[in-house]
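Quick notes on the structure that follows.
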2 protein chains.
Amino acid sequence: MVLQTDNPKADPATKDLLGVVDRGPSLTDQVYEKLRRGLLMGVWSPGEKLTARKLSRDLGVSLTPAREAIMRLVNEGALDVSEKRTFSTVDLNCEQYKEVMRLRGALEPIAIELATPLFSEEEITRLIDLNEQMKAMISEERYNDALQIDSEFHLSICDRAEQPLMRSIIDTLWLRAGPTRNRLSYSYRKRLIGYENHKRIIAAIQLRDAAAAAAAIERDLSEGAAVIVAVLSGDQPDS
Amino acid sequence: MVLQTDNPKADPATKDLLGVVDRGPSLTDQVYEKLRRGLLMGVWSPGEKLTARKLSRDLGVSLTPAREAIMRLVNEGALDVSEKRTFSTVDLNCEQYKEVMRLRGALEPIAIELATPLFSEEEITRLIDLNEQMKAMISEERYNDALQIDSEFHLSICDRAEQPLMRSIIDTLWLRAGPTRNRLSYSYRKRLIGYENHKRIIAAIQLRDAAAAAAAIERDLSEGAAVIVAVLSGDQPDS
DNA sequence: TATTGAAATATGATATATCAAATGACATAA
DNA sequence: TTATGTCATTTGATATATCATATTTCAATA
């Protein structure tokens, strides 16, 4: 949860000297963060059941923060609630996955267009590093790790656009598709499509060519989506 | 909250005969809905404080559902939480408002493109009706009512696109900007920009020209945003 | 063996209790 | 009058209690 900073008449001198008291994230926030990370990292497979009580026991908190965190994820569409009001991670069908990708395809190009003129050299170097790391993960057949790095690559670009609302929306898109993506990570096997597309993205950023960067990320997204959609629509068995 | 329907081996015959038992929305859902409607209708002015306890007293429920509903809105960015953890409705500054409009500008054209081939004649007639109602409200100087109708016009177009995820994102965009929009409704005074643009949108839909519809809605959005942004950036006093 | 059904258990939804932090009221001192 | 300190009240965060539903277990029965 993002707290707004306020305080009208704070003395800047005192503030500098003593620093600021921070009350730290609430238990709900902490549970939420852990759940979120777990969803992105594939701790739960798509469709797996979750109970607030077990979560609260596992994390050593009471029902309330566990439940609140779960509800928050439900609200973002990262968790499902059944007719009987039980919770589970989402398992996107082909249509739903395509919708997520359509939205990413609408938003990430805008983000990268805004971000392109703002990147520092260090940040560009970091993008290159990330991409090489991803290549390495793929060659080691650590596909889930490769996906993590892919998400870091994309999200750090979105960060640079400095559009907090857009960023939070893109976050929820990743979160929603996370478990499904992870389940299908085998389908990325030996594919370096992402790697080549990322190189194009980086090249465009280096030339400060925002339109080219937007086009490159669109290609990356549509080609990446095509792989997943092929699996989802074909209903192929896992690996 | 959207419940997933499931149930593997239900007998369709019995189900048809007796109908289905529905458990109705939870108290949390009901409070959430009321809050949401209130925000869109300008019950609270931007920046106004809210307490979970007062809300629970007012609505005759316990703290838990009131609090959960508030947290849900906070999560969607429709309510703020201060450093001191008190709740208030959002009051967008110019930059934030522009970000909302940038996102609407990215998403609503996509929605209308998808929707254009799907509209029935009745639905188009309804759009025309809504637009005329809006005109009437403006001429009666009922600007807040006009804004309500404007939102109904846009959201019913988005509905037709049948992209539930996109629709929910667009919803949160409206919700976030709602109080600010309502506060500035005076700035729409005697302006019929929206009315004319809506007519262009409708005409494009009637011709089943998706691209033209998208262009028309983009124009509607950018011109509408310009009015608000002029007020917000000029920091002009109310009315 | 397959089905049923009752009791035990688990679960989500909601209410209530508790506590520390924030706020407000008010009296007193400067 | 204005600033300051004290105390009562309010508030959000969290824990716990309660209740109606679901789910599971398992023995009795067909």
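Under the rule for a side-chain contact (heavy atoms from CB on, under 4.5 Å), the partners of D159(A) that lie at least two apart in sequence or sit in another chain are R167(A). Every side-chain contact (heavy atoms from CB on, under 4.5 Å) that S168(B) has, sequence neighbours left out, goes to L165(B). Scored by the side chain to side chain donor-acceptor pair (under 3.5 Å) test, R102(B) finds Q163(A) as partners (sequence neighbours excluded). Judged as a side-chain contact (heavy atoms from CB on, under 4.5 Å), and not counting sequence neighbours, the contacts of N144(B) are N182(B), S185(B). In this structure D129(B) satisfies the salt bridge (Lys or Arg N to Asp or Glu O under 4.0 Å) test with no other residue, sequence neighbours excluded.
Backbone-only contact: L50(B) has heavy atoms under 4.0 Å from sugar-phosphate atoms and none from a base.
The shortest distance between the side-chain N/O atoms of R85(B) and the OP1/OP2 oxygens of dA13(D) is below 4.0 Å.
Residues from residues 60-70 of chain B lying near DNA chain C, meaning a heavy-atom separation below 4.0 Å, are V61(B), S62(B), L63(B), T64(B), P65(B) in numerical order.
Within the structure, no pair that satisfies the salt bridge (charged side-chain N to carboxylate O under 4.0 Å, His left out) test touches residues 38-47 of chain B, not counting sequence neighbours. Judged as a ring-ring contact (aromatic ring centres under 6.0 Å, His included), the pairs with a partner in residues 155-179 of chain A (not counting sequence neighbours) are, in order, H154(A)-W174(A).
Between the CE atom of M71(B) and the C1' atom of dT14(D) there is a distance of 11 Å, given to the nearest Å. Between the CZ atom of F87(A) and the P atom of dA10(C) there is a distance of 18 Å, rounded to whole Å. Summarising the geometry, the separation between CZ on R72(A) and C1' on dA13(D) is reported as 13 Å, rounded to the nearest angstrom. D58(B) has its CG atom 11 Å from the P atom of dT11(D), to the nearest Å. Note: CZ (R57(A)) to C1' (dT9(C)) measures 12 Å, nearest angstrom. Rounded to whole Å, atom P of dT10(D) lies 17 Å from atom CG of L55(B). Between L27(B) atom CG and dG12(C) atom C1' there is a gap of 13 Å when expressed in whole angstrom units. Atoms CG (D29(B)) and C1' (dT14(C)) sit 13 Å apart, rounded to a whole Å.
Ranked by how close their nearest DNA chain D nucleotide is to the 5' end, T28(A) and R53(A) are led by T28(A).
Under a cut-off of 6.0 angstrom, the local environment of CE in M41(B) is sparse, with at most 12 non-hydrogen atoms contributed by other residues, nucleotides or ligands.
Residues Q148(A) and Y143(A) bring no donor and acceptor atom of their side chains to less than 3.5 Å of each other.
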Detail all sub-3.5 Å separations between protein N/O atoms and N/O atoms belonging to nucleotides 21-23 of chain D.
from	atom 1	to	atom 2	distance (Å)
dA22(D)	OP1	R23(B)	NH1	2.5
dA22(D)	OP1	R23(B)	NH2	2.9
dT23(D)	OP2	K84(A)	NZ	3.3

